[in-house]
Amino acid sequence: MISAAALRARVGAFTLEDISFDVPRGAYGVVIGPTGSGKTTLLEVISGLLPQTGGRLTLNGRDATREPADARGVGLVYQLGFLFPHLSVEQNVMYGATDAAFANTIARRFGVDALYARSVRSLSGGERQLVALARALARRPELLLLDEPFSALDPSRRAAARREVRAIHREWGLTTLHVTHDFAEAGSLGDVAVLLDAGRVLQSGEPADVFRHPKTPYVAEFLGAENVFAGGVTIADGAAVFHSGPLAIHVAGAAAPGPCHAIIRAEEILVARVSPAPSSARNQFEGRVTEIASVGPLWRVTIDVDGAALVAALTTYSAGELSLRIGDTVFFTFKATAVHLC
Amino acid sequence: MRRSNAIAVGAAAASSLLLLFLVLPVVRLVAAAGPQGAARLWSDAELRQSLALTALTATAATLLGALGGAPLAWLLARRAFRGRALVAAVLDLPLLIPHPVAGIALLLLLGRGSAIGGSLLSLGLRIVGTPLGIIAAMLFVSAPLFVSGAREAFSRVDVRLEGVARTLGDSPWRAFRRVTLPLAARGLIASGVVTWARAVSEFGAIVILAYNPKVVSVLAYDRFTGFGLSEALPVAAALVVLSLIPLTALRALRMGEEPAVA
């Protein structure tokens, strides 16, 4: 278990301020944040390599605020590996191990035993990350801290390494905190997501909840929500409607009247060539396609509705079937429950 | 293209002139007196004793410099403390002041009339005019070089390597011994070699603090003033040869140098 309460730390001019979150025992926590947000600094504070200037840190139930790094039982894996260059790969793996047979088993799980004879300096970036993972796990730590540990691996090895880390996490009940700026990785790996920016926690909780219900428009935009509108809610005939410029959007639940932001994920918007038949989707609009862009397996279609722009995400197959072109008139719908107010 | 060639030719010409100025006197000296100096090693007992004294006192000064200098270098490289800039400036001082002035300053501090010198004398330790005085003079002028080099050597070891070792169960001292020290070793040895070379070549401070017993630099000066150039030449050539030992060691060390991060 990792529990940070109002944690503070300073590195030069950079500060971590009031960091609070909980990763329950045996859970997989993911720290998401842009470059320079303090993700690595946070891991270094938790591992005891950087001193706290305030707050309280609890690791597996004991107060670790003043505990030295070597007594915390934490395995730390840096993005760059930081293998000891004066030692062989095998010596690196065995560095903190108390049981050589166990360390060899871990090395085998990551395919690192095949590298034992190699010089550390001859390893690729991905191989270094695998050796660093094996080295940290060979000690059988109580907690595992990972700083973008798969970033230098090719896609197939990344998937294999991710599976192996996840399997060890489950087998050992190993509480893990994993830093990444890859939202897909965060969503697929984490039980708890901690969103960090400029040394502060913006939001933390279950990844699905953080992604679907961002607390602020900034968090929503940070997490990649394209449709964030400023406006206000009014109540008419008992139904809540969010108004933003030309848009009148039906929202679900007991929304309080007053100014707020509405967030609609692009994946929630359905696009059609013809006016859709009446359905349970409360929000139906007509607009004109102003931009079409391919983003990986998806197409982002920007639709203008009387001056307001909405973005819909379509699969390549759907986009092909609709044969959309810039200037086309389209109809799009989304449910009131797809609208998140904050 | 033509212009850049002209610049390169000009730079090469200027460099060659400087290199010739640096190398020619030494080559001329060794060519003129090298064989004679080597022959003198058999016949000139004072020269032999002087060479041994120089090597021994320089080694002692280097070891003392390393003993006190390595912790100071580590502190300067790893810890931000109040007065760090002042300490760094103090370390530059012996390198900046003329060495005879350094000798006079040491004489004032360690001479029999001073409090420290008097106390040491009462303990049976005479500094002025003894090998201890030579070591003190050598230490004063050469130790800052060790600290500077060792600081650089420690700085080149990424602090995150030590951090990883700490998370793998090492105490601070154990992480230093298993990670920092091996990775900084080459730089520390190189700093020791430079320190030793500087100690061997010292004259100004030694001649004030301990004219006798004579180290090689003082002996060369003594022979020159007492017997002329011909008598000084073999001694000077022997000193040059002695100085080539650390120079060669340093080159060998730097050939295998690699950054301490992986």
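Residue numbers start from 1 in every chain, and the chains themselves are labelled A, B, ... in the order their sequence lines are given, proteins ahead of strands.
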- Task: For atom CZ of B:Phe81, decide whether the heavy atoms of other residues, nucleotides or ligands shown that lie under 6.0 angstrom number more than 12.
- Result: yes
Under 4.5 Å from any heavy atom of chain B, what part of [X] do you find: side chain, backbone, both or neither?
{"X": "A:Arg72", "value": "neither"}
{"X": "A:Tyr95", "value": "both"}
{"X": "A:Ala136", "value": "backbone"}
{"X": "A:Leu49", "value": "side chain"}

- Message: Does any backbone or side-chain atom of B:Ala165 lie under 4.5 Å from a heavy atom of chain A? Answer side chain, backbone, both or neither.
- Response: both
- Query: Between A:Tyr28 and A:His169, how do the two ring planes meet: parallel, tilted or perpendicular, split at 30° and 60°?
  - Reply: perpendicular
- Task: Please state whether the rings of B:Trp74 and B:Phe176 are parallel, tilted or perpendicular, taking 30° and 60° as the class boundaries.
- Result: perpendicular
- Item | A:Ser119 side-chain N/O to A:Arg121 backbone N/O, donor-acceptor pair under 3.5 Å | yes
- Should B:Arg198 and B:Glu202 count as an ion pair when the cut-off is N to O under 4.0 Å? yes
